[in-house]
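Okay, structure first, notes after.
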Amino acid sequence: MVVTAEDDQLALDVDPTVTITVSERRDGDERTLRIGPLAAPDARALAAFLLNRRDVPAAARGPWRLAVAGGVRTVLLER
């Protein structure tokens, strides 16, 4: 928490928020789901889970692709 002397305003620093876009194509059908906003660490943990990975690179936003039965899953982080 930060208080400025000029105007006695209270400011709260929070984690940046991220929206996850998940697209999945299977047998010619495509489905898209947007999740969020989430705190950046939570969004990265969810993206890693959806991609069957331990983590995703901290500075990268994707898109990442994962082969799934009959198609492909794409995960993208957006600020």
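Worth saying up front: this structure is predicted, and the values here are computed from it rather than measured.
A single hydrophobic cluster is seen to contain both L66 and V75, as judged by linkage of ILVMFWY side chains at heavy-atom distances under 4.5 Å, directly or through other members. Residues L51 and V68 fall within the same hydrophobic cluster, defined by Ile, Leu, Val, Met, Phe, Trp and Tyr side chains chained together at heavy-atom separations under 4.5 Å.
Counting only residues at least two apart or in different chains, side-chain hydrogen bond (donor to acceptor under 3.5 Å, both in side chains) contacts with residues 47-71 are absent. The salt bridge (Lys or Arg N to Asp or Glu O under 4.0 Å) pairs that include a residue from residues 19-28 are E24-R26, E24-R73, where partners are two or more places apart or lie in different chains.
Residues passing the salt bridge (Lys or Arg N to Asp or Glu O under 4.0 Å) test with R44: none are found, sequence neighbours excluded. Qualifying salt bridge (Lys or Arg N to Asp or Glu O under 4.0 Å) partners for R31, counting only residues two or more places apart in sequence or in other chains: none. Every residue meeting the salt bridge (Lys or Arg N to Asp or Glu O under 4.0 Å) condition with E78, not counting sequence neighbours, appears here in chain and number order: R34. In this structure, the side-chain hydrogen bond (donor to acceptor under 3.5 Å, both in side chains) partners of S23, at least two apart in sequence or on a different chain, are T32.
Between L76 and G62, the shortest heavy-atom contact is CD1-C, 3.9 Å. In this structure, A43 and L77 approach most closely via the heavy-atom pair O-CD2, 4.2 Å.
I20 places a side-chain heavy atom less than 4.5 Å from the side chain of V22.
A side chain to side chain contact (heavy atoms under 4.5 Å, CB included) with I35 is found for exactly one of L46, V18, D42, T19, namely L46.
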